[in-house]
Amino acid sequence: MKISVILAHPDPSSFNHAIADRAIFALEDNGHDVCFHDLYKENFDPVLPAEEIPRDALLSSEIALHCKQAAEADGFIIIHPNWWGTPPAILTGWVDRIMRPGVAYEFLENDKGEGVPNGLLNAGKALVFNTSNTESEREQKVFLDPLETIWKNCIFDLCGVHTFHRRMFNIIVTSTHEQRTMWLKEVEETVAAFF
Ligand SMILES: Cc1cc2nc3c(=O)[nH]c(=O)nc-3n(C[C@H](O)[C@H](O)[C@H](O)COP(=O)(O)O)c2cc1C
């Protein structure tokens, strides 16, 4: 399977990078074809310009390539920390520019954009790995776990990717080496079981 792996964390020594490394190892070990983007390393421009909004917009070669890869992917793995209950802006901008009409979703005939979109992505599955410094109970009760809604409902379900799993690793700031080692083993096992 072609699996698209998208990482958004600025620090190469972060636990998020360790998650990405382990996920890619597990995918390759299971014979998958990996398409990896480290958005900060690539200096991805997250700002959607006005002229790129129309469905038939002329896209730069970089954006067109990202769109082609997203359309062709059989699955996605998204990796990022919880920043204010949202993905880092560089990843939100990647969604703005790549999960675009005609690639990730479309509106049905005679629908000007007010209706329920039709998902277009070919990928059957999406896996999201997050990290945070908030207890799970507080994340759910006080903040209503916005990352679950964003990735599961607002993005993947809308774009036609209905098999979804998300794992939040917390609390990173007080975690021990042993804990992180176990979490990385869990990443490897989850990826191998999911794809
Ligand atoms: C700009 C910014 C915003 C953050 N917002 C949150 C937050 O809303 N909730 C939370 O639990 N942690 C928050 N954090 C902490 C990060 O989630 C945490 O540092 C990260 O998950 C640790 O993973 P790493 O070791 O890969 O850096 C924030 C960190 C930064 C830099």
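Hydrogens, waters and symmetry mates are skipped; everything else that's a heavy atom, side chains included, is used. Counting starts at 1 for both ligands and their atoms, following the listed order.
Below 4.0 Å from some heavy atom of F15 lie the following atoms of ligand 1, by number and element: 24 (P), 25 (O), 26 (O). Close approach of ligand 1 to W84 (heavy-atom distance below 4.0 Å) involves ligand atoms 1 (C), 3 (C), 4 (C), 5 (N), 6 (C), 7 (C), 8 (O). If you number the atoms of ligand 1 from 1 as listed, the ones under 4.0 Å from a heavy atom of T134 come out as 9 (N), 10 (C), 11 (O). Within the listing of ligand 1, atoms 24 (P), 26 (O), 27 (O) sit less than 4.0 angstrom from a heavy atom of H9. For ligand 1 and N16, the ligand atoms under 4.0 Å from any heavy atom of the residue are 23 (O), 24 (P), 26 (O). For ligand 1 and G85, the ligand atoms under 4.0 Å from any heavy atom of the residue are 8 (O).
Comparing heavy-atom distances from atom 19 (O) of ligand 1 across N133, I172, N170, D11 singles out N133 as nearest.
Between R22 and the options L27, L184, I79, T190, a side chain to side chain contact (heavy atoms under 4.5 Å, CB included) holds for only L184. Shown are L147, N170, L144, D145; of these, the side chain to side chain contact (heavy atoms under 4.5 Å, CB included) with E139 is made only by D145.
Note: the hydrophobic cluster containing L59 also contains M99 (ILVMFWY, side chain heavy atoms under 4.5 Å, direct or indirect links).
A distance of 9.5 Å separates CH2 of W83 from OG1 of T131, quoted to the nearest 0.5 Å.
The shortest contact between atom 21 (O) of ligand 1 and any protein heavy atom is with T131 OG1, 2.5 Å. Here the heavy atom of the protein found nearest to atom 17 (O) of ligand 1 is N82 O, 2.8 Å.
Within a 6.0 Å radius of CG in L108, other residues, nucleotides and ligands contribute more than 12 heavy atoms. With a 6.0 Å radius and a threshold of 12 heavy atoms from other residues, nucleotides or ligands, E114 has its CD atom above the threshold.
Side-chain polar atoms of H32 and D74 form no donor-acceptor pair below 3.5 angstrom.
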